[in-house]
Amino acid sequence: MSTDNFPPLKNDLIIRAAKGESVERVPIWIMRQAGRYLPEFREIRTKQSFFELVQNPQLACDVTMMPINRFDLDAAIIFSDILVIPQALGMIVEMLPSKGPSFPAPLIVPADISKLNKDCDVTKELSYVFEAITLTRHTLQGKVPLIGFSGAPWTLMSYMIEGGGSTTQSKAKAWLYKYPEESHELLKILTNVIIDYLVEQVCAGAQLLQVFESHAGCLDHTLFVKFALPYIRVISKRVRDKLKERKVSCVPMIIFAKDGHYVLEELSQSHYEVVGIDWTIKPTQARRICGETMTLQGNLDPCALYANKEDLTKMAKDMLQKFGHKNYIANLGHGIYPDMDPENVKHLVDQVHKISQEMIQKEQSN
Ligand code: 1CP
């Protein structure tokens, strides 16, 4: 499938917001918008395993389109997972029902790094993601932009050592204290793969990129500045340089460090167009730290979707007033949960549009 005849983009609100340009209404998308809260996703999952969906470009495209067909969202995000990178490096990752991702053979000691296929050919190993992106760009017919993504190095390293989800990340953190040099070696391997992966996603048709540092909350400022931030910065710089070399236009990049309230200032100076804000951060504080000209994304508590519609409307309005409609992309402060009502997602999306449009019109008439 060709990458040089994509249909023209009809809704570029999120791209304009990311670049700090004016918008008629605030764009909104929802982290984990394609997933288990949708009955059509649960239906397809009765027939296919999670990674069968991810690895089949047509099915990954179909799942990506599910929330787009239902709601007036302003972006699609390619259906995949951050753990495809450890898979490309040769690790086995299984998705266990009610447990989530699991690595039967995690990294235990630094010598295990040598088992990784560190010179893996990303173009080949993850070709199914790039095919899914190209197919989805055509299927979207320019309705909304398509977001590509990757996990950040520290978050991927912690999964590879913990072997799955963990509340403390203590095994992975032990590496940072016991084996700092080898930790840097692993983080560098991941960074190189992530850079190639993001560049290829843009070449395949991704129109924005989000980097997920989901495990920022387990680090302190010193560890984050030493083991996470330098790699986050190298990624944004090298992705831009490599795209330039390939004569491909760069796309806006979003950094989302969950629970990274203690490094917001550093993140806002890391050459990403957008900083994602989790729900624990006061919007006014995020604005003060990151500055008025930085585009912020977030940060409604995902559990607000359990509220009744009237309260949800009030919370959407409050969020818009606090962030302001300029330099802003509405989203949850983390991913949506499986037991949430799709009707409330629709309500939130529509209310963000309605309220922000009124705010903008009112300001223009003054
Ligand atoms: O059983 C199932 O059907 C699997 C559920 C599921 C889904 C739908 C997982 C397992 N991943 C996904 C898709 C996914 N993962 C997307 C799709 C696009 C969309 O947003 O709609 C994205 C962007 C991700 C990214 C992802 N995977 C992150 C970063 C975002 C975040 O939540 O911080 C993380 C940490 C993962 C790992 C992962 N994959 C799946 C689960 C349950 C988890 C989290 C496990 C844990 O550590 O608690």
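Each ligand, and each atom within it, is numbered from 1 in the order the structure gives.
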Self-check item: Stepwise side chain to side chain donor-acceptor pair (under 3.5 Å) check, Thr155 with Glu213
Solution: CA-CA 6 Å; Thr155 294; Glu213 188 71 285; 2.5 Å; yes
Quiz item: Among His184, His221, His215, which residue meets the ring-ring contact (aromatic ring centres under 6.0 Å, His included) test with Phe227?
Solution: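 By the ring-ring contact (aromatic ring centres under 6.0 Å, His included) criterion, Phe227 pairs with just one of His184, His221, His215: His184.
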Quiz item: Mind checking what residues have non-hydrogen atoms under 4.0 angstrom from ligand 1?
Solution: Arg32, Gln33, Ala34, Gly35, Arg36, Phe41, Arg45, Phe50, Ile77, Ile78, Phe79, Ser80, Asp81, Ile82, Met95, Pro101, Phe149, Tyr159, Gly165, Phe212, Ser214, His334
Self-check item: Sole candidate of Ile77, Leu332, Ile68, Asp74 that passes side chain to side chain contact (heavy atoms under 4.5 Å, CB included) when paired with Trp29
Solution: Ile77
Self-check item: Residue among Ile235, Thr295, Leu209 satisfying side chain to side chain contact (heavy atoms under 4.5 Å, CB included) with Tyr272
Solution: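 Passing option: Ile235.
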Quiz item: Parallel, tilted or perpendicular: which describes the rings of Phe212 and Phe256, with under 30° parallel and over 60° perpendicular?
Solution: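 Plane angle over 60°, so perpendicular.
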Quiz item: Can you say whether the rings of Tyr262 and Phe224 are parallel (under 30°), tilted (30 to 60°) or perpendicular (over 60°)?
Solution: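 Rings of Tyr262 and Phe224: perpendicular, as their planes differ by over 60°.
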